[in-house]
Structures are given as structure tokens and as C-alpha cells.
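To keep things clear, I will list the structure first and then write my remarks on it.
Chain naming here is simple, since letters A, B, ... match the order of the sequence lines and numbering starts at 1 in each.
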Amino acid sequence: MTINTLAKGAWHREQMASFRKKVIVAMQDPDMGVKMRNQRLLITVIPHAMTGRDIIDWLIQKYNICEEEALHVGAMLVRYGYVYPLKEPRSLVLRPDESPYRFQVSQPPLHPPGSVFILPAPIYLAKKNIRKQGELMEYEKERYSVLHKRINHTWDFVVMQAREQLRASKQRRKADRIVLECQEQAYWLINRPPPGAHNVLDMGLERINNSSRVTLVSDITFLYFLFYSLLFIPFVKYSEQYLNHDPIMQGCLPSNPWISDDTAHWTMNAEVVPSPTRLRVERWSFSFMELLNDSMGRREFMTYLEKEFSAENLCFWQACEDVRHGENSRIIEKVEDIYKNFLAPGAARWVNIDSKTMDKTLHGIRHPHRFVMDDAQMHIYFLMKKDSYPRYLKSDLYKNMLAKAVVPQETKKSVFPFMRRQRHARGRASRYQLCSWFPSLMPGPKTCQSQSPESPLYLLVTIATTQGVAFSLQSYCLCESQSFSFTAARLPELGFQR
Amino acid sequence: MACQGLQSGETLASLKKESDSLKKKLEEERGKLNDIELHQVAEKVEMLGALSIKTKRLLKGHGNKVLCMDWCKDKRRLVSSSQDGKVIVWDAFTLNKEHGVTLPCTWVMACAYAPSGCAVACGGLDNKCSVFPLSLDKNENLSAKKKAVAMHTNYVSGCTFTNSDMQLLTSSGDGTCALWDVESGQLLQSFHGHTADVLSLDLAPSETGNTFVSGGSDKKANVWDMRSGQNIQSFESHESDINCVKYYPSGDAFASASDDSTCRFYDLRADREVAVYQKDSVIFGASTVDFSLSGRLLFAGYNDYTINVWDVLKGTRVSVLFGHENRVSRVRVSPDGTALCSASWDNTLRIWA
């Protein structure tokens with residue numbers, strides 16, 4: 001058993017974690033730290049100690065947190081051994097009262113100077129055994145005898161060391177003795193926890209952190225440098241758009257099943273329902289992906305496409321998805337089916353793909369693999385997205401669906417997380433609000449009167465309302481108050497023109 | 001790009017130097033475009049009111065640390081795995097344990113529910129990831145139907161099904177991620193690039209469904225193309241191991257949780273970190289993150305037994321959830337966003353709403 005068994009790997013890393021050290025150092029600061037003074041422990045006066053209450057108050061004041069959190073942080077500091085109690089040292093808890101505490105020192109304070117520092121654990125137990133004249137706790141007795149058997153050959157040395165340390169400690173002042181005993185006790189409670197007790201040393205699996213290998217930064221073939229602030233709009237917009245759909249934030253109708261124990265919400269939103277909810281139908285208009293992800297939405301869209309005589313597009317897309325995500329063994333057969341049904345000249349449900357993609361796909365089919373239909377699938381996907389999808393949203397089919405969609409009644413006046421009632425607020429990022437987000441970009445007075453397609457304002461509105469990010473460089477140059485450079489190589493959907 | 005052998009004239013030191021200078025150059029270029037921080041834009045966004053989230057269900061039944069959990073698409077069932085090798089499928093709403101399997105290994109760190117709801121995958125210290133079909137017959141011995149799909153050379157830290165039951169994506173302590181065909185157990189693609197244990201992965205919710213992100217002990221978060229196996233983007237700004245990565249619901253960004261006690265938000269199109277979620281009083285490592293349905297809230301589980309709720313746009317902390325009595329190993333928001341499930345080393349799972 002070496003010294004290092006105690007301070008190895010993950011535990012050592014945890015202890016030395018700089019952000020935690022910062023807190024301890026701040027606590028120990030002579031001016032701004034926790035007040036240290038003489039604390040009374042029964043009849044002894046312990047110098048340079050702090051009370052539990054002082055620690056809590058200091059945490060509250062320094063980090064601007066509430067009492068509950070301060071109690072929690074303080075409890076963790078004691079549990080992990082940064083601070084130890086002088087009263088009832090067997091119990092590593094933080095009492096928010098006059099109980100005295102001290103900071104743990106970084107090494108086990110076991111050996112008098114000059115002694116050989118080995119075998120700290122058995123020495124500690126031996127000392128205790130002598131001091132308490134054999135009256136150890138049950139688990140300590142067991143460990144003592146196990147250790148005795150294991151290192152029987154050095155046991156004389158252990159007992160000798162223990163006696164030495166006890167003799168040395170007798171010569172100390174009572175206050176120092178108490179402090180050292182508590183220090184030791186806390187240290188061993190953490191490093192050799194009693195059976196069944198919480199083991200804070202448990203760090204989980206060891207991670208083989210191999211930092212000696214070097215891999216060069218891989219080929220950066222796509223570098224997206226776009227005008228930075230514009231990219232934040234999508235996150236703000238997305239969150240606002242989905243706000244009403246987020247039950248944790250806005251609650252859900254008729255009620256959140258987990259809170260009310262009523263599963264009506266799930267029943268109403270099951271995969272197949274005669275009448276879907278309004279929120280659900282609204283969501284189909286957020287993006288093409290939302291529509292396709294909902295099996296009911298997909299069915300509705302298929303009905304619409306059938307009316308337009310372009311249903312083969314969706315069928316084709318679905319068949320390609322099946323190839324991509326299906327079993328390896330059935331790829332060849334599925335690809336053959338797709339060819340027969342959708343791509344062969346005169347096929348029953350022939351899909352309209354541009355000739356270049358068609359050639360490439362047909363060539364690839366000769367040696368079918370999982371991704372052979374990707375290009376064709378993507379082509380049809382974007383075709384539906386740009387053409388059929390927007391028209392579907394404007395169609396009577398969709399509008400009727402929306403009109404007769406159900407808005408469930410709130411079951412009871414339960415408290416929702418947020419007391420806001422703007423359930424049907426549309427995306428509020430109007431042109432005017434956008435304007436205020438970018439004051440520095442507007443050359444001149446901050447009004448939003450300009451209607452010219454060349455103006456930066458119009459440009460911004462375009463960006464915010466479409467799904468991708470696109471802008472024409474020429475228009476942007478009109479905005480003189482900001483300069484930027486970018487080497488955008490690829491943008492999600494809309495083109496970027498120089 | 002995998003680890004290559006040294007060319008003549010190169011030493012480990014010179015390669016490292018070149019790698020460092022390349023990284024520095026990248027950072028410089030990125031830094032030039034740092035205009036307004038995300039939260040400044042968000043100043044125009046409304047403040048969140050006080051959140052009231054409480055424990056609504058307490059799932060007791062594991063005899064040891066619960067290491068991982070995953071929701072079923074039906075929004076109420078979930079699968080959880082623990083240190084003693086037990087994998088349990090629950091109906092969290094009724095607290096009913098529906099299936100239980102005991103794996104012959106300990107530390108089952110990864111588990112996932114299949115999209116169809118008919119199978120679960122789990123793996124850990126056995127270096128494998130196995131798939132179990134869930135049978136309706138309670139008497140059937142599920143262990144007998146186990147199929148070992150993934151084989152790594154070190155522990156399996158994370159697994160997820162892709163869009164179907166037929167493919168499995170895994171991450172491992174051997175530093176790689178891999179894509180497997182479930183039916184045959186064949187390795188479809190492997191992803192090399194991490195220089196230490198890979199601890200977590202997440203599939204992108206994109207239209208093309210081709211990418212995923214992984215985080216590891218080398219402090220890096222890497223984005224991969226599933227088709228080619230290429231590492232298309234890499235982020236290194238954490239100061240310690242990245243324990244968990246999770247995509248923002250739109251797929252344009254992701255969040256990470258690290259031992260350095262911070263969580264960070266990375267924008268994929270700007271190719272950089274755009275927000276750091278940290279507080280002086282939060283001094284323990286973060287082990288897991290997940291977004292609320294709208295992406296406005298970020299739930300993060302920590303090693304100090306708490307769950308902190310962050311406002312993604314404003315960068316501030318909205319709430320702290322107390323309750324667990326040991327580390328929080330995993331948090332996951334349910335598929336319809338109605339609840340949050342947390343798994344912990346205190347042997348329990350909690351459902352919050």
C-alpha cells in the first residue's frame with residue numbers, strides 16, 4: 001500500500017479541480033473570506049475556526065444564491081472533505097448553526113516530522129485501537145484484523161508508529177489535539193468510508209486518457225463564415241415558434257398527464273385520431289420535416305398530392321427512406337423494386353428527376369448499396385418542399401383541417417409553469433423588432449419605412465422569414481456602417497450570389 | 001481522418017506544433033466574426049417567469065447506480081440500465097416494470113429504445129452493444145433472444161438507433177464510434193478521430209439525417225458524416241472531458257456538458273461556441289444535458305446531485321432541481337416535451353413536470 005493509492009487518477013483530478021479550489025481559496029481569504037475566530041467546543045477553545053452559519057451566510061452573500069442552494073453547496077464541501085466538522089466529527093454534515101468547522105489540509109496529517117511516511121491507514125486504526133483500548137466500531141474491528149493478517153510482517157512497525165504518534169499528540173495542547181483528531185477522522189471517513197456509507201471517492205469508470213497520440217486537424221473542407229449575428233435569429237425564432245408547443249414552459253391542453261394523472265392529452269394526440277388538435281395541425285406548417293414526421297400529416301399530404309397527380313413523389317421518397325434505414329440484406333431487392341416502380345422507362349409511377357441525377361442513379365443501381373438512391377431522393381425531397389408543400393399549406397384541404405381542428409378545454413384551473421395566456425400568439429418578430437436588434441446596421445434614422453428591395457431592412461426581413469440564410473452581396477454593400485468578410489462555401493438551401 | 005504513421009522528417013513534437021498552429025489560425029479566423037453574443041440578441045426576447053417543476057414520479061427498483069435511460073416514442077415508457085447489469089423497461093406513468101433483463105456484465109452505461117418500441121439496445125463494460133426484442137409474453141426469457149450487434153475493443157459508452165430499428169450507432173472507450181447493421185451485426189462505418197475515450201453521441205434531427213455529434217475525454221466535440229465516415233467539424237473549447245452532447249431541436253446547434261462544470265452551446269453554421277452556461281456556485285462537473293421541446297431551456301445534470309435549468313438564449317440559470325441523493329447520470333426530456341426524466345447514482349429515476 002503506497003501513499004499514491006489515495007491520491008491517484010480521477011480522485012486527485014477532482015480535488016485539484018481549479019474551479020473548486022477557487023471557492024476554497026475565496027473562503028480562506030483573510031479579508032473577504034469566511035470569518036475565522038475562536039470557537040467554543042464544550043470547554044475547549046478552538047482557535048481559527050468558522051461556524052456552519054458563517055459558511056452558509058458567506059456563500060449566500062458571495063454567490064448571490066438562496067439559502068437552499070447555499071446549504072446544498074456547503075453540504076457538498078463537507079462531504080467531499082474540503083471542510084471538516086469539529087463537533088461530532090463522525091458525521092460529515094454542514095449544520096447551519098454555531099457548530100465549528102475548519103478547512104482540511106491537503107495531506108493526511110498523520111506523521112510527526114522526520115518519520116517515514118508509509119502505511120497511513122493501518123497506523124490510524126492501530127492508534128485508535130490503542131487509544132480506545134480495543135473499543136472500535138464493528139467495521140473498524142474487521143478492517144483492523146484484515147490489515148493485521150495482510151501485513152503481519154510489518155505489524156510491529158505499525159504499532160510502533162501508532163504509539164509514537166499518540167505520544168507526540170499527548171504533548172500538544174488540547175485544542176490542537178482535538179483539531180488534529182477531527183481532521184484525521186474526517187479524512188478517513190472519506191477515504192475509507194464505513195460499509196454502506198456514501199462513497200464520494202466513487203468516480204465511475206477510469207477513462208484511458210491517451211494524450212500521447214497526435215491527430216492532425218482533419219481536412220476542413222467546409223468553412224462556414226457567415227455574418228455572425230444573423231445566425232442567432234434562427235434560434236430566437238425557433239424557440240418563439242415552438243413556445244406554445246413546449247409543455248414544460250407553457251403547459252399543455254387539456255392538462256399535462258404527469259401532473260394531473262389524466263391521459264387525455266395523449267389520447268387526443270395519438271397517432272391516428274379522427275380529429276387532430278389545432279396545435280398539431282399548426283405544427284405541420286412550421287417545416288416540411290414536421291409534416292412528414294407526423295404520420296397523420298404525411299397521410300394528409302399524400303391525399304393532397306393524389307389530387308395533384310404527383311403522389312408518386314412521396315411514395316418514391318418513402319421507398320428510398322426504407323432502403324437507407326433498412327436491413328442490409330434487403331437493399332438489393334428494394335432497389336430493384338424502386339427501379340421497377342419509379343425509374344424504369346414507362347414505369348407505373350415514374351418520378352420526374354433531372355437527367356443528370358437520373359443517369360448517375362441508374363449507373364449506381366448496377367452495384368446497389370445503401371446510399372445509391374440518395375441523390376434522387378434529395379432531388380424529389382426538395383422538389384416537394386419547394387413546390388408541393390407551400391401549395392398544400394395554402395390549399396383548402398389544409399385550411400379545412402385547421403378550421404375543424406380541436407382545441408381541448410383546460411381540465412381545471414391548475415397552475416401552469418408560466419401564467420401567460422398568449423396561446424395563439426404568432427411569431428412576433430416583425431420587421432420593426434428586427435430593426436431594433438440591429439441598430440448598428442441601419443444607416444441613418446432607425447425607422448422602418450423603406451420598402452425598396454435593395455434596402456438592408458428588406459434584406460433582413462427576407463432572411464428572417466425564410467428557412468435558410470441567404471443574401472445578395474450587392475444589397476448588403478449598401479449598409480456602410482458595418483464591414484465584414486466571408487468566404488461562405490455552402491449555404492443550406494438558398495443560393496448565395498456574388 | 002485516422003491517425004497516420006509519422007512521415008520521415010516528422011516527429012511527434014513537430015506534428016503537434018503544426019496541429020496547434022493550425023488550430024490557432026482557425027480560432028483567429030473565427031474570432032474576427034464574433035459580432036454580438038447570443039444573449040445580447042436575446043435581450044429583446046422576453047424574460048422567463050419563475051419555473052415550477054416538481055418530481056411527479058419516483059421509479060425505484062434498481063439495486064445499484066442507474067447509469068442511463070431512454071424514452072420510448074410512446075412518450076410514457078422508458079428503458080434504464082444500471083451498474084449491476086440490470087436493464088429495466090418501465091411504464092413510467094403507472095410505475096409498472098414491464099420487462100427486466102440481466103446482462104452478464106456490469107456498468108451498463110448505454111441503453112436505447114428502438115423507434116418501433118419493440119426492442120432495446122444496451123451495452124457497457126462487456127465492450128458490446130446487444131439488442132433485445134421486447135416480447136409481450138412476460139414469461140419469455142428475454143436474455144435468450146439477445147443479439148450482440150456491436151463489438152468494440154473497450155467499453156461502450158453510448159448507443160442510439162438511427163431512424164429505424166435496423167441500424168445502431170455506438171460510441172466507445174476505444175476512441176471510436178461505429179454504425180452497425182442490426183440484423184447481421186455487420187460494421188457499416190467506423191469513425192476515427194477522437195484521441196481518447198468517446199463518452200457520448202447524438203444523432204442530428206436533420207432532413208437529410210446524415211450527421212451525428214460525439215464528445216469525448218479529449219475535450220473535443222466532433223461532427224461526423226455517417227455516409228463517408230469523415231469528421232466534418234470539430235469543436236474544442238471545454239477545459240475537461242465532455243460527458244454528454246445533445247442537438248438543439250432544429251439541428252443547427254448542439255450543447256455539451258463537461259467535467260469543467262460548464263455546459264456550452266455550439267452553432268454548427270458559424271462553426272464555433274456561442275454560449276457558456278456556468279455559475280460560480282456550480283462547482284461540480286456536468287454529466288448530462290437535454291433541451292426542452294422548444295429549445296429554450298437546457299436541463300443539465302451535475303455530479304453535485306442537482307439539475308440546473310438554463311435559459312439557452314439568455315445564458316442565465318432559471319432554476320435548480322434538488323431531489324436526487326447522488327450524481328445525476330442522465331437527463332432526457334420526453335418525446336412530446338411533457339416531462340423530464342433523470343437517472344441517478346442513488347438507484348432511482350425521477351420524472352419531473
Side-chain angles (χ1 to χ4, degrees), chain A residues 19-20 23 59 63 65 68-69 72-73 76 198 205 207-211 213-219 222-226 228-229 231-232 234-236 238-239 242-243 245-249 252 256-259 265-266 269 289 325-329 371 378 381 415 417-419 433 436-437, chain B residues 1 3 12 15-16 19 22-23 33-36 38 41-42 44-45 49 51-52 56 75 93 107 155 162-164 166-167 173 181 183-184 186 193 195-197 207 217 227 231-232 241 250 252 261 267 269-271 280-281 283 292-297 304 313 320 322 337-339 351 353:
Chain A
F19 47 91
R20 269 199 286 282
V23 175
L59 285 170
Y63 295 116
I65 53 182
E68 194 185 4
E69 190 175 355
H72 179 84
V73 176
M76 296 305 287
H198 188 108
L205 285 187
R207 290 169 187 174
I208 303 119
N209 208 318
N210 192 349
S211 53
R213 278 189 287 167
V214 172
T215 32
L216 289 176
V217 174
S218 50
D219 294 339
F222 313 125
L223 282 174
Y224 306 97
F225 287 168
L226 296 169
Y228 202 44
S229 44
L231 292 171
F232 296 136
F235 298 126
V236 176
Y238 188 95
S239 294
Y242 281 83
L243 182 64
H245 298 255
D246 190 340
I248 291 182
M249 291 193 53
C252 60
N256 187 324
W258 301 100
I259 298 177
H265 175 76
W266 286 332
N269 286 293
M289 199 164 71
H325 298 296
E327 311 97 307
N328 242 15
S329 55
F371 304 110
M378 218 99 80
Y381 180 84
V415 178
F418 294 95
M419 298 305 285
Q433 270 182 307
S436 62
W437 278 337
Chain B
M1 193 160 133
C3 200
L12 206 65
L15 276 179
K16 191 140 208 315
S19 153
L22 272 175
K23 284 182 192 168
L33 298 161
N34 187 0
D35 202 49
I36 354 174
L38 178 60
V41 172
K44 305 295 176 193
V45 177
L51 259 185
S52 163
K56 292 297 171 194
K75 308 153 196 169
F93 193 71
W107 287 91
Y155 64 87
T162 62
N163 295 22
S164 77
M166 300 299 146
Q167 288 176 295
D181 176 68
E183 198 191 31
S184 61
Q186 194 190 0
T195 51
D197 307 22
E207 312 180 278
S217 285
R227 275 193 58 164
N231 176 1
I232 47 181
D241 301 15
S250 73
D252 294 327
S261 80
D267 183 331
R269 288 188 292 182
D271 191 33
D280 281 341
S281 62
I283 53 175
S292 72
L293 191 136
S294 64
R296 183 67 195 270
L297 299 174
D304 71 353
L313 301 178
V320 192
F322 295 102
T338 47
I351 309 285

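Interface remark: B:D252 contributes backbone and side-chain atoms alike to the contact with chain A (heavy atom separation under 4.5 Å). Both the backbone and the side chain of A:W258 come within contact range of chain B, each with at least one heavy atom under 4.5 Å from a heavy atom of that chain. For a residue to count as touching a neighbouring chain, one of its non-hydrogen atoms must lie under 4.5 Å from one of that chain's; by this rule B:S261 touches chain A with backbone and side chain alike.
Of the listed residues (B:A353, B:S294, B:G295), the greatest number of heavy-atom pairs within a distance under 4.5 Å of chain A belongs to B:S294. Ranked by heavy-atom pairs under 4.5 Å with chain A, the first of B:I351, B:V320, B:D280 is B:D280. Between chain B and the residues A:E68, A:M378, A:H265, the largest count of heavy-atom pairs under 4.5 Å involves A:E68.
Looking at A:D246 and B:S292, their side chains do bring a donor and an acceptor atom within 3.5 Å of each other. Using a 3.5 Å distance cut-off with no hydrogens or angles, the side chains of B:Q167 and B:D181 do not pair a donor with an acceptor.
Atom-to-atom distance recorded for A:M76:CE and B:S281:OG is 13.0 Å, nearest 0.5 angstrom.
Considering all non-hydrogen atoms of both residues, A:I259 and B:K56 come closest at CG1-CE, 3.9 Å.
Using modelled atom types, no side-chain atom of B:S217 and backbone atom of B:D241 make a donor-acceptor pair closer than 3.5 Å.
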